[in-house]
Participant: 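Below is the structure I would like to discuss, written out as structure tokens.
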Amino acid sequence: FLRAPVPTKLTVLNNPFRDQIRLQYSVTGNQTFTVHLYNAAGALLRKQDYQLTGGSGIYTMDAVELLPAGVYHLSTFCGDYKQSFKLVKQ
């Protein structure tokens with residue numbers, strides 16, 4: 001059976017962050033990429049879907065400048081691939 005293409009590389013470019021969160025990705029084919037941002041208490045603050053095309057690129061989550069300083073958790077989903085990051089807002 002065929003598996004959906006997944007990122008071969010996913011990194012956070014700016015941690016700590018201020019007014020946006022930037023993720024660099026590399027994928028082997030077109031795929032829907034879902035990002036969840038949680039506060040330290042585990043409450044979901046934002047969910048965004050993004051259509052990735054094969055190759056490399058940068059995903060930017062804007063409008064996070066109003067979040068208070070502190071620790072956040074970012075979960076990313078792409079096909080069967082899941083990765084989580086601990087982020088700090090300055």
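Side-chain atoms are counted along with the backbone in the values below, which use heavy atoms only and exclude waters and symmetry mates. Numbers here simply count residues along the sequence, with the first being 1.
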Participant: Just how far is it from atom CG of D62 to atom CD1 of I21, taken to the nearest 0.5 Å?
Facilitator: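 That separation rounds to 10.0 Å.
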Participant: If two hydrophobic side chains count as joined below 4.5 Å and joins carry through other members, does L10 share a cluster with F77?
Facilitator: no
Participant: Please determine which of V12, L13, T11 meets the side chain to side chain contact (heavy atoms under 4.5 Å, CB included) test together with L23.
Facilitator: V12
Participant: To the closest 0.5 Å, what do you measure between OH (Y25) and CD1 (I58)?
Facilitator: 9.0 Å
Participant: Measure across N14 and Q20 and return the closest heavy-atom pair with its distance rounded to 0.1 Å.
Facilitator: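 Scanning both residues, the minimum pair turns out to be ND2-O, 2.7 Å.
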Participant: Check the hydrophobic clustering (I, L, V, M, F, W, Y; side-chain heavy atoms under 4.5 Å; chains of links allowed) and say if V35 and V27 are grouped together.
Facilitator: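 Yes, it is one cluster - the side chains of V35 and V27 are joined through contacts under 4.5 Å.
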Participant: Any luck finding a side-chain donor-acceptor pair between Y81 and Q83 under 3.5 Å?
Facilitator: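 Yes.
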Participant: Which atom names give the shortest non-hydrogen contact between R46 and L44, and what distance separates them?
Facilitator: O-CD1, 3.4 Å
Participant: Please report the interatomic distance CG(N15) to CD(Q90), rounded to the nearest 0.5 Å.
Facilitator: 9.0 Å
Participant: For the residue pair Q51 and T32, confirm or rule out a side-chain donor-acceptor distance under 3.5 Å.
Facilitator: yes
Participant: Taking all non-hydrogen atoms of both residues into account, name the closest pair between K89 and P68 and its distance.
Facilitator: CG-O, 3.5 Å
Participant: Establish, from distance only, whether the side-chain atoms of Y59 and Q24 form a donor-acceptor pair under 3.5 Å.
Facilitator: no
Participant: Over all heavy atoms of both residues, which pair between N30 and G54 is shortest? Give the atoms and the distance, please.
Facilitator: OD1-N, 3.1 Å
Participant: When you group the ILVMFWY residues by side-chain heavy-atom contacts below 4.5 Å and let the links chain together, are L87 and L45 in the same group?
Facilitator: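 Yes, because L45 and L87 connect within a single hydrophobic cluster, where side-chain heavy atoms sit under 4.5 Å apart.
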Participant: Let me confirm one number: the NE2-NE2 distance from H73 to H36, rounded to the nearest 0.5 Å.
Facilitator: 15.0 Å
Participant: Out of curiosity, M61 CE to D19 CG, how far, rounded to the nearest 0.5 Å?
Facilitator: 13.5 Å
Participant: Over all heavy atoms of both residues, which pair between V71 and K86 is shortest? Give the atoms and the distance, please.
Facilitator: CG1-CE, 3.7 Å
Participant: Distance from L67 atom CG to F17 atom CZ, nearest 0.5 Å?
Facilitator: 5.5 Å
Participant: Evaluate the criterion side chain to side chain contact (heavy atoms under 4.5 Å, CB included) for residue pair L37 and Y72; output intermediate values, then yes/no.
Facilitator: CA-CA 7 Å; L37 181 65; Y72 293 86; 4.0 Å; yes
